[in-house]
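Computation of the quantities below employed the complete heavy-atom set of this structure, encompassing side-chain atoms and omitting hydrogens, waters and symmetry-equivalent molecules. Chain letters run A, B, ... following the sequence lines, proteins first, then strands; residues in each count from 1. Note that the coordinates shown come from a computational prediction; the quantities given were computed from them, not determined experimentally.
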Protein chains: 2
Amino acid sequence: MTVTDQAATGRRDRKKAQTRAALTAAALRLVAERGLEHVTVEEISEAADVSSRTFFNYFTCKDEALTDDPALDGNPVVAHLAAAPARVSALQAVRVALDEAIGAIQADRELWRLRLTVITQNPALLPRLVAGNSATEQAMVAVVATRLGVGPDHAHPPLVIAVAGAAFRTAMLRWAADDDARPLHDFVDEAFAAIAAGLPDPPSAC
Amino acid sequence: MTVTDQAATGRRDRKKAQTRAALTAAALRLVAERGLEHVTVEEISEAADVSSRTFFNYFTCKDEALTDDPALDGNPVVAHLAAAPARVSALQAVRVALDEAIGAIQADRELWRLRLTVITQNPALLPRLVAGNSATEQAMVAVVATRLGVGPDHAHPPLVIAVAGAAFRTAMLRWAADDDARPLHDFVDEAFAAIAAGLPDPPSAC
DNA sequence: TAAAAACTTGCAGGCTGTGCAACTTCGCTC
DNA sequence: GAGCGAAGTTGCACAGCCTGCAAGTTTTTA
């Protein structure tokens with residue numbers, strides 16, 4: 001019960017969350033078994049016991065059912081970024097803003113490991129992970145620009161957001177592939193620390 | 001004549017390059033005018049005077065006609081990365097490896113500015129710019145791992161490649177939006193320098 | 001010049017994704 | 001607790017994407 005337990009005010013919202021979760025679960029399971037190209041929306045819908053028309057009431061495309069997660073709504077991230085302490089760097093502020101999302105992923109780790117496995121096996125999905133475009137990224141760029149007191153055309157904010165996204169994405173993939181039980185925030189901290197250090201070459205392992 | 005002048009051995013190859021360029025140009029022009037969703041493959045093909053079936057002999061999907069460019073073939077980039085001097089950091093090696101591609105883009109700058117405008121106006125295309133997945137990225141990760149003498153599971157190579165890709169992408173977008181005639185490599189150098197410095201906050205402009 | 005290879009095209013067909021119009025379910029109020 | 005309106009589900013029709021296949025055409029090569 002990690003997906004449906006968020007303040008579902010009435011029966012209607014509860015059912016919606018259930019249907020959505022069922023579609024996501026069915027989509028991930030089927031694609032893990034057969035690969036992205038060998039699963040149709042109709043099959044996913046059937047597995048979740050709804051019509052395929054209903055599928056498209058929840059998701060705008062097949063990929064979205066595999067990658068999007070209500071726990072990763074962009075608004076809280078942007079809000080936390082805006083609320084981050086002023087004394088840390090913009091990069092660290094982004095790191096802090098991601099904390100809640102990292103916690104949510106860690107809490108739902110079985111689902112997310114499956115999701116990340118599916119994404120790894122179907123690289124076409126990778127760009128959907130931490131958008132890479134999207135309104136959320138635009139909003140984060142704007143918040144960082146305000147925070148730094150620079151104009152909207154300054155080079156720094158989009159660079160910081162793009163790099164932070166890349167770091168988060170690689171950290172998630174490594175976390176999912178990891179056999180030990182290291183928590184996600186370890187991998188994220190490692191990546192952000194390496195970036196803050198200017199990405200120096202690590203000592204060779206020879 | 002910047003697209004068709006690459007060693008086209010025979011008439012057949014010359015015609016192929018012409019057809020491809022015509023399709024790309026038609027696609028970019030129509031999408032710039034009407035937006036991605038209001039242009040069909042059939043219209044693009046008609047504008048380039050081929051059948052829509054032929055369109056799909058050149059591109060696997062509509063987006064590919066807008067984003068892919070023969071001048072940005074991944075193989076030379078990987079080769080240059082493998083040939084980069086051993087004394088510079090992996091990050092700098094990637095920067096060096098991109099030099100030829102940067103030159104090609106700069107040489108074809110009218111086409112590329114249109115392309116980047118189209119990508120900016122249709123963010124769904126953005127992830128296709130400098131893949132974000134793709135065999136080329138995998139190959140670059142492998143080359144960096146070898147270069148550093150670390151195992152294939154080390155965290156550094158994928159992080160460096162992902163971050164470098166993010167930097168290159170943001171640099172291209174800023175270059176295309178820039179009104180002055182600053183060359184692309186300026187923007188790329190700026191981004192890579194900021195990353196090598198650990199992305200410190202810039203001095204506020206107040 | 002003739003055979004082989006490569007390219008183009010039309011056609012058939014499956015899948016994606018959307019607008020629309022019923023129909024059903026749910027929440028709320030009197 | 002009856003009923004009204006909002007919200008969700010579904011089927012249907014349809015445009016568009018993309019692929020496989022087979023037939024026809026052009027270019028290369030011998």
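Within 4.0 Å of Phe55(B), counting heavy atoms only, lies no atom of the nucleic acid at all. Using a 4.0 Å heavy-atom cutoff across all strands shown, Thr60(A) reaches sugar-phosphate atoms only and no base atom.
Look at Tyr58(B) and you'll find a side-chain N or O under 4.0 angstrom from OP1 or OP2 of dT8(C). Under 4.0 angstrom from either OP1 or OP2 of dT26(D) there lies no side-chain N or O belonging to Lys15(B). Contact check, Thr54(B) against dT8(C): no side-chain N or O comes under 4.0 Å of OP1 or OP2. Put simply, Lys16(A) has a side-chain N or O that comes within less than 4.0 Å of OP1 or OP2 on dG8(D).
Between Phe168(B) and Leu129(B) the shortest side-chain heavy-atom distance does not fall below 4.5 Å. Using a 4.5 Å cut-off on side-chain heavy atoms (C-beta onward), Thr24(A) and Leu66(A) make no contact.
Atom-to-atom, CG of Asn57(A) to C1' of dT25(C) comes out at 15 Å; the value is rounded to the nearest Å. Taking atom CD of Glu42(A) as the reference point, atom C1' of dC12(D) lies 13 Å away to the nearest angstrom. In this structure, CZ of Arg14(A) is placed 17 Å from P of dT25(C), rounded to the nearest angstrom. Regarding Leu36(B), its CG atom lies at a distance of 14 Å from the C1' atom of dG17(C), rounded to whole Å. Between the CZ atom of Phe56(B) and the C1' atom of dA12(C) there is a distance of 15 Å, rounded to whole Å. Atom CG of Asp49(A) is separated from atom C1' of dT9(D) by 12 Å (rounded to the nearest Å). The CD-C1' distance, from Glu64(B) to dC18(D), rounds to 12 Å in whole Å. In this structure, Gln18(A) places its CD atom 16 Å from P of dT25(C), rounding to the nearest Å.
Looking at Ser51(A) and Thr54(A), their side chains do bring a donor and an acceptor atom within 3.5 Å of each other.
Of the candidates dT9(D), dC15(C), dT8(C), the closest approach to any side-chain atom of Thr40(A) belongs to dC15(C). With dG16(D), dG20(D), dT16(C) as the candidates, the nucleotide lying closest to the side chain of Arg53(B) is dG20(D).
Electrostatic pairing of Arg182(A) and Glu190(A) counts as a salt bridge here, judged by a charged N lying under 4.0 Å from a carboxylate O. Under a 4.0 Å N-O distance rule, the pair Asp153(A)/Arg174(B) does not qualify as a salt bridge.
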